[in-house]
Amino acid sequence: MSKTVRIATRKSKLAMWQAEHIQARLQQLYPELTVELVPMSTRGDVILDTPLAKIGGKGLFVKELEAAMMEGRADLAVHSMKDLPVEFPPGLELHTICEGEDPRDAFVSNTFKNLDELPAGAVVGTCSLRRRCQIKEAFPQLEIKDLRGNVQTRLRKLDEGQFDAIILAASGLIRLELGERITSFIPVTQSLPANGQGVLGIEVRSDDDEIKQLLEPLQCQQTRYRVLAERAMNRRLQGGCQVPIGAFAEITNDQVYLRGLVGDPDGLQVIRDEVRGPVEDAEALGITLAEKLLAQGAGDILAAVYQQADE
Ligand SMILES: NCc1[nH]cc(CCC(=O)O)c1CC(=O)O
């Protein structure tokens, strides 16, 4: 039997690394299989000059990959869980949650050691409303400027002197073997990560039992609980991927410790709360936390953010 499995992926270096990582794991598990990559560009890769928060739109980075799967040009798609919309189109589903990389945000600078060291007026690059909100809340004297592009482009802009520091997901840098560029890891108490940060998810056709079977050994149960709790919170808040929402679940001894945050992009109003409970209740805990946040006004904050993005 010489079956071919095709992996749909974006063309960025990080996306390619992630797809190649899954390709290598499948190849190792099933030497008789031919595993191929199907690289493609998405709308999110093409529109590079507009802040992501403005173009918003759910699934900016996944629509083309999903079309390829629906049309049978690919069998699976590897995604950063963080960039995935909360819902999937009919006929497709998130099947595999792989083991996660470090979930924290990374502080990257050629001059300063961490956020606390930055002088007033220093310019920090990020286009994440979640990062912006938390930095502005704790350090209102800093200036936040939009920073777009793939990881390499962002580092180049820092090195050219356009920013005093930039914030990136640690996981992306580590995967690209750029871990030495991480000046310091930002504690989750200072920057609560995005839901699913550092985790790879694999999307497949719902009716493709053969592919699901092949992917089973790549599942990580601990990470699945984490992702279940975090995504349930986001879903209940109706948050897309470009919103100032933080969600981070730690799993220890079959217990979930889920922390959540909703704030406005300038960090003027930030709501935090947390819940704990057994892993079997991961999803319910996410919903409970979302409702606690909504009860404290998270809905109004998010509505204002969405309205601004539409203008
Ligand atoms: N939004 C872009 C994005 N999507 C996934 C990652 C890498 C981190 C991950 O695996 O979650 C990044 C880069 C970043 O946030 O710095």
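Read the numbers this way: they start at 1 and go in the same order the structure lists the ligands and their atoms.
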- Task: Could you check which of D83, L200, I166 puts a non-hydrogen atom nearest to atom 1 (N) of ligand 1?
- Result: D83
- Task: Using the rule that two of Ile, Leu, Val, Met, Phe, Trp, Tyr join whenever any of their side-chain heavy atoms come within less than 4.5 Å, decide whether I144 and L192 are in one cluster.
- Result: no
- Item | Atoms of ligand 1, numbered as shown, that sit under 4.0 Å from any heavy atom of S80 | 5 (C), 10 (O)
- Could you say whether the N/O atoms of G172 and ligand 1 ever approach to under 3.5 Å? no
- Message: With a cutoff of 4.0 Å, is R131 in contact with ligand 1, counting heavy atoms of the residue only?
- Response: yes
- Can you establish whether the number of heavy atoms outside E99 located under 6.0 Å from its atom CD is more than 12? no
- More than 12 heavy atoms from other groups under 6.0 Å of CD on E160: yes
- Out of R154, K82, H79, whose heavy atom sits nearest atom 15 (O) of ligand 1? K82
- A169 and ligand 1 - part of the residue with a heavy-atom distance under 4.0 Å: both
- Are a donor atom and an acceptor atom from the side chains of Q197 and D105 found within less than 3.5 Å of each other? yes
- Task: Decide if atom CD of Q213 counts as having more than 12 heavy atoms of other residues, nucleotides or ligands within a radius under 6.0 Å.
- Result: no
- Task: Determine, for F248 and R259, whether the Lys NZ or Arg CZ falls below 6.0 Å from the six-membered ring centre while staying within 45 degrees of the axis.
- Result: no
- Item | Non-hydrogen atom of R175 closer than 4.0 Å to ligand 1 | yes
